[in-house]
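Structure record follows, encoded as structure tokens.
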Amino acid sequence: MAFLRASSPHTHNPNTTHRVMREVLLATLPGVAVLTWFFGLGTLSNILIACLFGLGLEAAVLKMRGRPIAFYLKDLSALVTAVLLAIALPPASSWWLIGVGMIASIVVAKHLYGGLGYNPFNPAMVGYVVLLISYPQYMTLWLAPENLSVQGAIFDITTLFELVFGGLASTTMDGLTAATPLDVFKQTAGLTAQDIYAQKAIFSQGLFAGAGYEWVNIAFLLGGLYLLMRKVFTWHAPIAMLVTLALFATVFYDAGSSNSGGSPLLHLFSGATMLGAFFIVTDPVSSATSNRGRLIYGALIGALVYIIRVWGNYPDAVAFAVLLMNFAAPFIDYYTVPRTYGHKKAQRATHTGGQ
Amino acid sequence: MTEFFVIFVGAVLVNNFVLVQFLGLCPFMGVSNKLETAIGMAAATTFVLTLASICSYMVHAWILAPLGLTFLKTISFILVIAAVVQFAKMFIEKTSPLLYRVLGVFLPLITTNCAVLGVALQNTNKVHTFSESALYGFAAAVGFSLVLILFSAMRERLAAADVPTHFRGAAIGMITAGLMSLAFMGFAGLV
């Protein structure tokens, strides 16, 4: 009779990679819906193209590496990377732009490092930064929210095709795009916050952080809270990031003068803040491991986001801040090893003893 | 005070010597396999860089410039750096024989670390004063140390990763450095 001896841990948990990834995809739905509501079909075309590239590249690389293709495709991790990159890109991006981004994400950032679970950098953010550095003129062309754009154009299939596959006249393009709230705030350095809010349509048509953008962030916040409730990640990293960002914004708000860095509400509900806080910063592979480490990791991301947004060249900085802290995460882990139950003091990670 | 802050942030983050100016890549790749060695190398390089920056300023401002021999600056800086490195080598050999053995050939190789010569030459190009030169050398070293130490912690993790055979070791290290350099471009415009 075979006597089965299983090694620890003995608890059973249905938390498979497939299930976690499915929850993350589900949680992006409110954000995707609101993005589509305000910015048109471009978000959906982004996601479709990115998913096709994602699955194709993943399968191709797995085949080259001689790994089981169907097994790894079923864990949905390539789809999560694809959806996150597609959401981060301007709506209705060209197909080749998305393709280049997905090559950087899936091939370079993920599989060159050994695939799922080994990537030291968040793949979607690597793809985004590669595109932002290489093709700034395409990456800064955000479509205007629906009420500031040409009537009905963003829901028009022909326009969408021309945007994605090329052939749209540049004059039509100008009518469809507009600067993002963070960009507007950065470009109008001489005005007080009150004047910017009154004069610029993107702010005067919105409630507190730019028409459309504020609702997109609220939707991603809801999706993030759902993931938090389902215990997909702990609260430490996202909350630390948001609190630090709000703290910096409050300190440097300067009562809305012309030197103001922007109100805390603008920083929390504009740009990629909520998407970053709940879907990017919480990446279990590329972030710090312990809870204390995640607090430090999240807080430093919040600080870097504010510093680069306000004093750097780029209007939004979530991708840069996340990559910079991905770089620092192993070092943070090294010095934040939690105390093991029953032991006195935590040892540093690589100190194995027995010298 | 502001100009010192600008020099410091500029040299540590915005124009980081390793990831933005691509100077000093050999120790960056060579000594980053273990965190503890990297910390030792960072300390040694900080010592050498700051001292070499000060010494080469003195040589340039007090000897070469008055005599009109500034065309000799490169070769005389190399001489100054070699002397400072020799001093650092003797110092480490006496104070920490273990670190001396661990660093091995990379310790004398600080002489050929292009970041050290780069700082000395940039000091003359940017017409830094004595205190600015000292700070610039120190800030360059802080930037170098920061990147080297973070990179070594990451490489310890990469050593355990399932990297495809052809990309193991230095290749994946170079790719990581490239991705990091992309991330450091985010600091552009800070100062």
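Heavy-atom basis, side chains included; hydrogens, waters and symmetry copies ignored. Chain naming here is simple, since letters A, B, ... match the order of the sequence lines and numbering starts at 1 in each. Predicted, not measured: the structure shown is a model, and the values here were computed from it.
- A:I133 touches chain B through its side chain: at least one heavy atom from C-beta onward sits under 4.5 Å away, while N, CA, C and O do not.
- When all heavy atoms are compared, the tightest approach of A:F331 to B:I149 is CE1-CG2, 3.3 Å.
- Here CG of A:L323 is found 11.5 Å from CZ of B:F184. Values are rounded to the nearest 0.5 Å.
- Heavy-atom contacts from other residues, nucleotides or ligands closer than 6.0 Å to CE of B:M58 number more than 12.
- There is no contact between A:R309 and chain B, counting heavy-atom distances below 4.5 Å.
- Heavy atoms of B:T176 lying under 4.5 Å from chain A belong to its backbone as well as its side chain.
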inquiry  = Would A:V130 and B:L182 count as a side chain to side chain contact (heavy atoms under 4.5 Å, CB included) here? Give the steps.
reply    = CA-CA 7 Å; A:V130 165; B:L182 277 181; 3.5 Å; yes

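- Contact annotation for A:V322: neither backbone nor side-chain heavy atoms come within less than 4.5 Å of a heavy atom of chain B.
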Test side chain to side chain contact (heavy atoms under 4.5 Å, CB included) applied to B:D162 and A:R67, step by step = CA-CA 12 Å; B:D162 180 25; A:R67 303 291 157 99; 2.8 Å; yes

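- Heavy atoms closer than 4.5 Å to chain B are found nowhere in A:N119, neither backbone nor side chain.
- Residue A:A328 touches chain B through both its backbone and its side chain, counting heavy-atom pairs closer than 4.5 Å.
- Heavy atoms closer than 4.5 Å to chain A are found in the backbone of B:A160, but not in its side chain.
- The local environment of CZ in A:F71 is sparse, with at most 12 non-hydrogen atoms from other residues, nucleotides or ligands closer than 6.0 Å.
- In this pair, A:F327 and B:F151 present their aromatic rings tilted. The plane angle is within the 30 to 60° band.
- Interface remark: A:Y113 contributes backbone and side-chain atoms alike to the contact with chain B (heavy atom separation under 4.5 Å).
- Heavy atoms of other residues, nucleotides or ligands lying less than 6.0 angstrom from CG of B:L67 number more than 12.
- Both the backbone and the side chain of A:I307 come within contact range of chain B, judged by heavy atoms closer than 4.5 Å.
- Shortest non-hydrogen contact noted between B:M180 and A:L324 is CE-CD2, 4.2 Å.
- In this structure, chain B has a heavy atom under 4.5 Å from the side chain of A:F121, while its backbone stays farther away.
- Atom-to-atom distance recorded for A:L304:CG and B:L13:CG is 8.5 Å, nearest 0.5 angstrom.
- When each of B:I175, B:L190, B:L158 is checked for heavy-atom pairs under 4.5 Å with chain A, B:L190 comes out on top.
- In terms of heavy-atom proximity, B:P164 sits nearest to A:G114 at CD-N, 4.2 Å.
- Separation of atoms CD (B:E36) and OH (A:Y334) is listed at 4.5 Å; rounding is to 0.5 Å.
- More than 12 heavy-atom neighbours from other residues, nucleotides or ligands sit within 6.0 angstrom of NZ on B:K126.
- Considering only heavy-atom pairs separated by less than 4.5 Å from chain A, the leading option among B:R157, B:M154, B:R155 is B:M154.
- Atom CZ of B:F4 is surrounded by more than 12 heavy atoms from other residues, nucleotides or ligands within 6.0 Å.
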